Amino acid sequence: MAQKPSIPKGTRDFSPQEVARRNYITGAIREQFERFGFQPIETPSFENYDTLMGKYGEEGDRLIFKILNSGDYLKKVDESAWSEKDVVRLTPQLSEKALRYDLTVPFARYVVMHQNEIEFPFKRYQIQPVWRADRPQRGRFREFYQCDADVVGAPGIVQELEFIQLYDRVFASLGLEGVTIKLNHRKVLSGIAEVIGAGDRLTDFTVALDKLDKIGRDKVEAEMAQKGISPDSIRRAAPLFEMQGSTSEQLGALKKLLAGSAAGREGVGELEEILAQTEALGLRAATCQLDVTLARGLNYYTGTIFEVAAPEAVNMGSIGGGGRYDDLTGIFGLNDVSGVGISFGLDRIYLVMEELGLFPETLDRALDVFCINFGEEEAREALKLVMRLRSRGIRADLYPNDTKVGKQFKYADKREVPYVVLIGDEELRAGQFTVRDMRKGEQRSYPLEAWSDFADSLEP
RNA sequence: GUGGUUGUAGCUCAGCUGGUUAGAGCGCUGGAUUGUGGUUCCAGAGGUCGCCGGUUCGAACCCGGUCUUCCACCCCA
């Protein structure tokens with residue numbers, strides 16, 4: 001090892017403990033996904049360059065990891081692009097593949113490619129890593145996992161209700177309380193822009209509005225003005241900044257503001273219905289609330305928009321998000337297929353759970369029974385016992401060689417093994433094995449042939 | 001992509017205005033205890049001070065570059 005090895009910026013190794021904890025989270029998510037009727041699919045870690053580029057906006061294109069062509073990758077480069085250092089023209093000549101940036105676009109591609117084999121409505125889930133060439137921060141990595149569930153071919157608001165329930169059940173099963181599911185509607189946003197006379201500035205308007213709780217009203221108004229939204233429009237948007245009170249009060253204010261917009265009225269109507277029915281169904285761990293400043297993923301969402309905020313006690317951005325897109329597969333040539341979906345951010349949920357101390361201690365235990373090795377003859381008997389216990393589904397192991405007993409115990413202690421079995425020459429002569437309960441510090445013996453009594457005594 | 005920040009033993013961190021042999025706690029190894037971990041006591045090992053270059057008689061410390069960490073933007077899970 002000439003140099004210290006390292007891993008790329010924004011990537012991580014995962015220890016056994018971390019993998020156990022990550023599996024605990026994905027296990028809970030997977031279980032609920034399946035319980036709600038979703039089926040798993042997987043897609044390649046890299047896609048064709050053209051499949052991904054242009055799907056996430058200009059910012060997204062910048063953050064996509066491009067894969068350099070193999071072989072003589074300069075062969076196809078055209079001279080003028082090269083001499084002008086024109087990156088936009090050059091990149092597609094150097095790269096024909098790119099790393100998956102999210103799970104939604106590959107899913108849309110999948111649906112289009114397999115449309116004749118799929119039963120619609122198609123409910124799929126997908127738990128895979130994605131890559132972004134972003135600058136890392138806490139809870140922001142260049143390689144991270146998304147856990148997505150989407151439905152295509154299912155119009156109407158039943159799916160929206162289902163997704164709120166799904167979010168809630170996952171967080172409830174993880175013991176993660178206090179998360180907030182924020183809800184908004186693309187048509188509400190475009191309706192507002194329309195009625196205040198900023199319909200042509202929808203994106204600038206919503207991007208600025210999104211920052212309201214972060215930078216405050218004055219700065220939001222300043223940003224809107226700076227983006228070319230007229231003072232009159234900003235003045236007419238005033239009710240938005242003053243929205244307070246109960247959900248029904250907010251909905252009332254929205255309805256009033258949006259009276260002149262058909263799309264806006266439709267959006268408010270859907271939100272009202274979703275909120276009312278969610279109220280009726282009830283939630284276990286999360287709360288659901290209307291948030292008109294929520295403006296994510298404008299590039300493709302066309303209906304409901306979701307974002308999940310971590311509990312307030314934890315400083316972490318969103319731990320999930322999603323929404324409805326009426327025509328996502330349209331970009332791949334399949335029109336009029338409606339989709340709606342949500343995503344869980346595994347890596348961020350991990351950080352939140354760690355900070356709140358929500359991981360069960362039993363996750364750190366990889367062995368139930370551990371046998372001390374006293375030598376060849378004793379080890380043969382121990383191995384026989386180990387195999388019997390394993391056949392009963394008990395995680396059992398034998399120390400590989402007969403080093404000092406103290407050292408073997410220390411190893412068992414570090415591994416947090418609850419039961420240590422001793423088969424030394426004393427036990428061998430008596431035809432017994434001794435079990436030490438490491439937590440209680442008590443020991444008892446069983447006849448060798450009564451191993452199943454011991455197995456029965458272990459908690460399932 | 002912009003601005004800032006961090007890096008010293010396996011881990012968490014000290015290290016004065018630049019001064020000779022870089023420290024602590026925890027962990028690790030051995031012993032007290034050759035069939036008993038988690039407590040205690042004793043001893044020991046372990047460091048190109050992120051990396052490259054510069055200033056200086058002399059650099060962990062100052063300067064430049066680079067990598068990394070974290071933070072604020074941008075954006076987002």
Side-chain angles (χ1 to χ4, degrees), chain A residues 1-12 15 25 29 56-64 87 100-104 127-148 167 179 203 207-208 210-211 214-215 219 223 294-299 306-310 315-322 341-352 370-375 378 399 402-428 433-443:
Chain A
M1 200 165 63
Q3 285 155 303
K4 281 183 187 169
S6 63
I7 55 175
K9 190 204 300 216
T11 65
R12 298 146 300 156
S15 66
I25 297 172
I29 293 172
Y56 308 100
E58 207 176 307
E59 185 71 11
D61 284 358
R62 205 195 79 211
L63 297 176
I64 290 172
V87 176
R100 184 169 56 215
Y101 177 87
D102 74 352
L103 300 177
T104 307
I127 299 176
Q128 288 192 281
V130 302
W131 295 269
R132 294 185 188 176
D134 210 349
R135 191 174 288 209
Q137 277 179 44
R138 174 179 154 81
R140 172 180 294 194
F141 307 97
R142 290 184 148 184
E143 176 182 63
F144 63 96
Y145 272 72
Q146 288 190 331
C147 313
D148 277 27
Y167 265 137
V179 304
T203 303
V207 165
D210 189 47
K211 297 175 187 168
K214 215 171 180 178
I215 63 177
K219 287 184 178 169
E223 181 170 330
L294 174 59
R296 65 176 23 253
L298 233 60
N299 286 320
F306 304 106
E307 180 168 287
V308 182
N315 176 28
M316 180 66 62
S318 64
I319 56 175
I342 58 170
S343 181
F344 290 82
L346 167 62
D347 303 83
R348 288 188 178 177
I349 293 171
Y350 183 103
L351 290 170
V352 169
F370 178 77
C371 286
I372 302 291
N373 188 326
F374 284 94
E378 295 89 336
Y399 199 82
D402 61 342
T403 52
K404 283 188 188 138
V405 174
K407 190 180 161 134
Q408 297 189 47
F409 263 97
K410 210 163 184 168
Y411 177 80
D413 187 49
K414 288 269 162 62
R415 297 278 310 261
E416 299 190 50
V417 181
Y419 298 98
V420 170
V421 165
L422 299 104
I423 304 180
D425 57 344
E426 288 169 33
E427 284 82 2
L428 221 46
F433 64 96
T434 302
V435 177
R436 180 176 180 81
D437 182 325
M438 295 292 276
R439 289 168 296 195
K440 291 183 186 154
E442 295 166 358
Q443 295 188 187

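Small disclaimer: the values here were computed from a predicted structure and weren't measured. Chain identifiers are assigned alphabetically (A, B, ...) following the order of the sequence lines, protein sequences preceding nucleic acid strands; residue numbering begins at 1 within each chain.
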Students often get this wrong, so: under 4.0 angstrom with heavy atoms, is A/Glu59 touching a base, only sugar-phosphate, or nothing? base

So which protein N/O to nucleotides 3-10 of chain B N/O distances come out below 3.5 Å?
residue, atom, partner, partner atom, Å
B/rG3, O6, A/Arg135, NH1, 3.2

Sticking with atom P, work out how far B/rG19 lies from B/rA60, rounded to a whole angstrom. 10 Å

Please report, rounded to the nearest Å, how far the C1' atom of B/rU36 is from the CD1 atom of A/Ile423. 15 Å

Within residues 408-419 of chain A or reaching into it, pairs that qualify as salt bridge (Lys or Arg N to Asp or Glu O under 4.0 Å) - sequence neighbours excluded: none

Please report the distance separating the P of B/rU17 from the corresponding atom of B/rU33, rounded so that it comes out in whole Å. 50 Å

Check side chain to side chain donor-acceptor pair (under 3.5 Å) between A/Gln408 and all other residues, then give those that pass, not counting sequence neighbours. none

Nearest to the A/Glu427 side chain among B/rC74, B/rA77, B/rG35, which nucleotide is it? B/rG35

Scan A/Gly10 against the nucleic acid and name what it touches under 4.0 Å (heavy atoms): base, sugar-phosphate only, or nothing. sugar-phosphate

For A/Arg415 and B/rU36, what is the distance between atoms CZ and P respectively, to the nearest whole Å? 22 Å

Tell me what A/Leu422 touches on the nucleic acid: a base, only sugar-phosphate, or nothing, going by heavy atoms under 4.0 Å. base

In whole angstrom, give me the gap between the C1' atoms of B/rG15 and B/rU8. 9 Å

If you assign A/Phe344 and A/Lys9 each to the RNA chain B nucleotide with the nearest heavy atom, which residue ends up on the more 5' nucleotide? A/Lys9

Listed range with range, the stems formed with RNA chain B by at least 3 consecutive Watson-Crick or G-U pairs (under 3.5 Å) are B:1-4 with B:70-73, B:10-13 with B:23-26, B:28-32 with B:40-44, B:50-54 with B:62-66

Base, sugar-phosphate, or nothing: which does A/Gly424 touch, judged by heavy atoms less than 4.0 Å apart? base

Ranking B/rC75, B/rG35, B/rC76 by distance to the side chain of A/Arg132, first place goes to B/rC76

Identify which nucleotide among B/rC75, B/rA77, B/rC71 has an atom closest to any side-chain atom of A/Lys211, counting heavy atoms from C-beta outward. B/rC75

A/Arg12 CZ to B/rU69 C1': how many Å, rounded? 14 Å

Within-4.5 Å side-chain heavy-atom neighbours: A/Asp437 and A/Tyr419: yes

With a 4.5 Å limit on heavy-atom distance, are the side chains of A/Arg100 and A/Trp131 in contact? yes

Give each protein N/O atom lying under 3.5 Å from an N/O atom of nucleotides 38-40 of chain B, with the pair distance.
residue, atom, partner, partner atom, Å
B/rG38, O4', A/Asp413, OD2, 3.2

Using whole Å, report how far CD of A/Gln443 lies from P of B/rG37. 11 Å

Can you tell me, in whole Å, how much space there is between the P of B/rU6 and that of B/rG50? 13 Å

In whole angstrom, give me the gap between the C1' atoms of B/rU5 and B/rC67. 15 Å

Between A/Phe344 and A/Tyr145 (judged by ring centroids, cut-off 6.0 Å), do the two rings come close enough to count as a pair? no

Between A/Glu426 (CD) and B/rU34 (P), how many Å, whole number? 16 Å

When we call it a touch if two heavy atoms are under 4.0 Å apart, what does A/Gly57 touch: a base, just sugar-phosphate, or nothing? nothing

How about A/Glu427 and A/Leu422: do any of their side-chain heavy atoms sit closer than 4.5 Å? yes

Between B/rC42 and B/rG58, how far apart are the P atoms? Round to whole Å, please. 43 Å

If we take the P atom in both B/rU48 and B/rA43, what is their distance in whole Å? 26 Å

Minimum-distance nucleotide (side-chain atoms of A/Arg62 versus B/rC70, B/rC74, B/rU36): B/rC74

So what does A/Ser343 touch, heavy atoms closer than 4.0 Å: a base, only the sugar-phosphate, or nothing? nothing

What's A/Phe141 touching, base or sugar-phosphate or nothing? Going by heavy atoms closer than 4.0 Å. base

Counting just side-chain N and O atoms, does A/Gln137 come under 4.0 Å of either OP1 or OP2 of B/rA72? yes

With sequence neighbours left out, write down each residue that passes side chain to side chain contact (heavy atoms under 4.5 Å, CB included) with A/Asp425, or none if nothing qualifies. A/Glu378, A/Arg429

Within this structure, what is the OH-to-P distance between A/Tyr411 and B/rU29, rounded to whole angstrom? 13 Å

I'd like to know if the side chain of A/Arg348 and the backbone of A/Gly139 have a donor-acceptor N/O pair within less than 3.5 Å. yes

Looking for any heavy atom pair under 4.0 Å, which part of the strands does A/Asp102 touch: base, sugar-phosphate only, or nothing? nothing

Let me know, please, whether A/Ile7 or A/Gly320 comes out on the 5' side of the other along RNA chain B by nearest nucleotide. A/Ile7

